[in-house]
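The sequence lines fix the lettering, A, B, ..., with proteins before strands; numbering per chain opens at 1.
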Amino acid sequence: MKHELPKVYVPKDVETSIYEKWEKAGCFRGHRDPDKKPYTIVMPPPNVTGQLHMGHAVDNTQQDILTRFKRMQGYAMLWLPGTDHAAIATEAKIVGEMRKEGLTKQDLGKEKFLERAWAWKEKYGNRIVEQLRTLGSSCDWERQHFTMDEECSAAVKEVFVRLYNEGLIYRGNRMINWCPHCETSISDAEVEYEEKDGSFWHIKYPVKETGEYLELATTRPETMLADTAVAINSEDPRYTHLHGCHVILPLVGREIPIVCDEHADMEKGTGVVKITQAHDPNDYEVGLRHSLPLVRCFTYNGYMTGPADVAEYEDLVNSGRAADDEPIVMDCKKYAGMTTMEARKAIVEDLTEQGLLVRVESIKHDVGTCYRCHTTIEPMISKQWFVRMKPLAEPAIKAVEDGEIQFVPERFTKNYLNWMNNTRDWCISRQLWWGHQIPAWYCDDCGEMVVGKEAPEVCPKCGGRHLTQDPDSLDTWFSSALWPFSTLGWPNEDSEDYKYFYPTSTLVTGYDIIGFWVSRMIFSGIKHTGRPPFSKVVIHGIVRDSLGRKMSKSLGNGIDPLEVIDQYGADALRFMLVYGSSPGNDMRFSEEKITAMRNFCNKIWNASRFVLMNLDVEDMNLPADLKIEDRWMLTRLNGMIRSVTDNLEKFEMGIAAQNLYDFIWDNFCDWYIEIAKTGLNGTDKQRSEDVQHILLYSLTQILKALHPFMPFITESIYQGLPNAEGFLMMKDWAEYREDLLFPEDEAAMEQVMDVIRAVRVRRSEMNVPPSKKAHIIICTENQAPYKTCEDIIQRLASASSVTVQGEEPEDLSGMVSIVTADAKVYIPMAELVDTAKERERIQKELEKAEQDMAFAQRQLDNTDFISKAPEKVVNSVKEKRDKNAALIQKLTEALASL
RNA sequence: GGAAGGUUAGCUCAGCUGGGAGAGCGCUCGCUUGACGUGCGAAAGGUCGCAGGUUCGAUUCCUGUACCUUCCACCA
């Protein structure tokens with residue numbers, strides 16, 4: 001019975017149908033098996049905003065490799081998938097889509113907007129899930145979650161209420177980062193700094209008491225309208241006489257104090273700083289120290305405030321409240337209604353006119369921008385919800401310091417600790433509609449605030465029946481912080497999944513979201529479940545383009561993984577993404593690399609095709625009688641399996657992939673299959689069957705070890721094997737067998753291979769085509785391995801016949817001689833021998849051998865080396881010296897015989 | 001300002017706990033060898049950024065330094 005496969009591997013023909021079969025058979029399901037150990041991975045949920053990109057491809061390939069490996073090793077494996085609502089990103093996309101139709105959020109109203117958002121989620125959420133399937137992701141789709149589904153939302157409310165009740169969530173007016181484009185607050189983490197060209201305006205403020213002018217500089221002159229003080233350093237000798245004085249704010253005419261504060265740096269500029277408490281984070285701190293009033297001159301959508309805005313806050317202004325309460329809104333009069341940029345221009349002009357502008361300096365400086373829309377951030381005072389970080393961060397720092405959670409590679413620990421140690425209170429409220437609405441209600445009658453999981457019936461304070469929910473929603477990372485347990489049934493701690501699969505085992509993600517996500521999962525997990533949510537964090541780099549640039553939409557250099565899969569197959573893409581990569585390091589995408597991996601797929605396909613074409617047997621029982629070449633191959637095979645296993649355990653997928661590549665291409669294909677041809681086509685029927693058994697055994701082991709990396713091609717080949725049962729993906733992991741290690745035979749076989757290589761080199765040097773066969777005489781003291789391999793040598797070294805003997809031929813004239821460490825080889829090829837050239841060549845080899853021996857000898861003459869180096873090393877150097885000594889002797893003889 | 005990573009063949013990158021450097025692609029030469037030309041065989045190509053130090057021995061460990069990349073903080 002012979003098996004046939006097409007000559008070229010066509011991934012498209014098999015991938016979709018194999019995935020469907022796996023899924024239909026329930027292969028991806030995670031089962032709670034009390035007899036097994038659980039291994040859990042939660043998928044970093046892709047945003048529902050877009051489609052699969054290379055970042056997802058790396059992330060999910062690595063997770064799938066781990067998942068398939070652990071599943072085959074016999075763990076109760078759960079890989080839990082899902083998607084993220086990505087509040088700000090999704091809302092921005094939908095708003096953008098609406099803008100094209102000439103609609104705004106306000107036109108639509110919240111209810112209709114949310115309908116639209118859910119429709120969006122359905123469409124794009126499903127699309128990305130489909131795309132993860134094409135990659136081969138073996139996750140449990142029946143446990144798929146969405147950060148805004150019922151379970152996750154319940155967890156969010158539970159956490160919010162708990163933290164609020166403990167005083168770890170509070171609401172208040174604080175300095176926050178405001179995106180005028182998205183019209184929402186964002187957290188410190190969501191601000192990205194970009195270097196931009198700017199100016200430094202030097203301005204003079206008149207001092208009321210002395211009439212002199214104080215010079216100061218600012219990058220944002222438009223904020224001066226809301227200045228509430230000017231700060232100097234109390235130590236500054238230039239200004240001692242001004243302590244307790246005031247300046248008259250130009251353009252506004254308001255009298256503001258000169259305060260002494262450490263924030264004013266004597267070394268910088270004139271040592272004088274204007275204080276705009278409401279629009280600068282540092283100034284805000286100064287303002288708190290000096291109890292300055294909060295004056296706001298910007299609206300939340302990027303304009304200068306005017307009478308209308310004041311009217312809104314009239315009561316506040318009239319009541320004279322200040323400090324940490326609502327800011328006073330000023331009427332910018334002439335500038336009211338201008339954008340901040342228009343106001344900047346106008347103010348600079350006016351200052352110039354009044355002779356108060358000293359000079360303008362061009363500078364480059366980093367400006368905070370919104371990480372989603374890259375609009376310049378305005379620091380603003382705003383009433384928002386915050387998470388008090390310090391008490392949460394402490395145990396999260398300890399868990400990592402104590403090694404309960406380990407980062408791979410280890411260096412990212414520092415990155416994490418740096419983040420955690422410096423984190424400030426987390427602003428969690430967003431002025432967005434798409435997201436978890438904050439579970440807080442305000443009594444319409446008395447203003448009382450009620451926080452709870454459900455809407456209260458009546459106001460607990462006044463009994464009022466009308467309560468309005470806080471319109472703000474939560475930062476998207478608030479819900480993803482709970483992902484490892486909210487997806488497993490928490491807060492129901494009796495949930496079977498939660499009890500069995502939590503804490504999860506390994507988190508695989510990119511270094512770019514350690515702060516955003518990893519750190520928040522860690523402190524949330526510890527706080528709410530009492531345990532770290534995972535024990536290992538495996539960090540990978542990002543995929544760059546072939547020039548090393550980050551892939552981005554603006555550059556248009558993104559490579560679509562789906563197109564790559566379409567053209568080369570998912571296996572080739574997956575292998576490319578791990579082959580030759582190392583943990584935590586970025587990698588480049590290149591067309592050449594993906595082609596190479598496609599070629600590797602084809603190589604595997606054809607090697608399998610060869611095995612199947614020659615197969616009469618149906619099982620893979622290894623024969624009792626193993627020849628030297630079989631022992632060599634099996635030893636190598638076991639070595640590969642050991643190494644791949646060890647490297648996968650260490651999350652060194654790049655090295656594991658190389659082990660597989662090298663073994664399959666070099667050892668298995670180039671050597672063993674070529675060797676096997678003599679056995680398969682020989683007259684010895686028993687030997688032919690033995691070889692078939694060995695080939696089938698080896699191929700099966702190879703397919704198993706390769707399966708996590710290349711699930712499709714391995715499964716598809718496996719299904720064609722006569723010994724196939726069920727699915728490869730559900731089989732046990734490749735077996736490492738101590739009883740199949742034969743180091744001595746392996747070494748002996750290497751010597752035989754050395755002879756083959758040496759003959760090939762010589763023939764190639766002399767330009768002898770493979771079709772021209774010649775007799776080979778091998779002279780050695782150690783004849784046995786060569787004798788048993790005569791037919792192999794004949795085939796692989798293009799020989800007409802092979803003779804192995806102890807003594808050298810009597811007549812050496814017309815002989816080409818070749819020397820290996822273990823043997824001398826002669827080929828009678830009189831017509832090809834050029835004595836002068838031969839002499840030159842042997843002379844060269846002799847020099848090399850002499851150099852090598854001298855090097856070894858020098859080491860051995862060094863008494864320090866002999867006494868201090870480990871015995872193993874000394875012995876290997878001795879071996880090298882002896883080997884070269886033998887070689888020199890043989891070469892000298894060969895030279896003499898010419 | 002603080003921190004991390006990188007610097008190895010023409011290009012892109014591996015290299016575990018120190019014992020005379022590897023792969024893919026490219027280049028050169030030779031091959032219709034009965035799985036594969038998406039292939040086979042062979043060759044060329046590296047003072048492992050620079051300078052010190054530790055060591056019998058350093059691409060590997062330590063210190064310093066140059067250049068590149070990234071993250072964090074900050075620049076009124």
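Of the two residues near RNA chain B, Asn862(A) and Lys773(A), the one whose nearest nucleotide lies more 5' is Lys773(A).
With hydrogens and angles left out, the side-chain atoms of Tyr371(A) and Glu192(A) include no donor and acceptor closer than 3.5 Å. Asn659(A) and Ser643(A) form a side-chain donor-acceptor contact under 3.5 Å, judged by distance and modelled atom types alone. A side-chain donor-acceptor contact under 3.5 Å links Ser688(A) and Gln692(A).
Taking only side-chain nitrogens and oxygens, Lys7(A) comes nearer than 4.0 Å to OP1 or OP2 of C36(B). Residue Trp605(A) has no polar side-chain atom (N or O) positioned under 4.0 Å from OP1 or OP2 of G39(B). A close approach under 4.0 Å does not occur between any side-chain nitrogen or oxygen of Arg763(A) and OP1 or OP2 of G41(B). Residue Lys414(A) places at least one side-chain N or O closer than 4.0 Å to OP1 or OP2 of A4(B). Close to G20(B), at under 4.0 Å from its OP1 or OP2, lies no side-chain N or O of Lys880(A).
If you check G39(B), G19(B), C31(B) against the side chain of Pro770(A), the one that comes closest is C31(B). For Val761(A), the side-chain atoms get nearest to A43(B) when compared with the rest of A43(B), G19(B), A4(B).
Across all strands shown, G6(B) is found opposite C67(B) as a Watson-Crick or G-U wobble partner, with both distances under 3.5 Å.
Taking atom CD on Glu591(A) and atom P on G26(B), their separation rounds to 13 Å, with Å as the unit.
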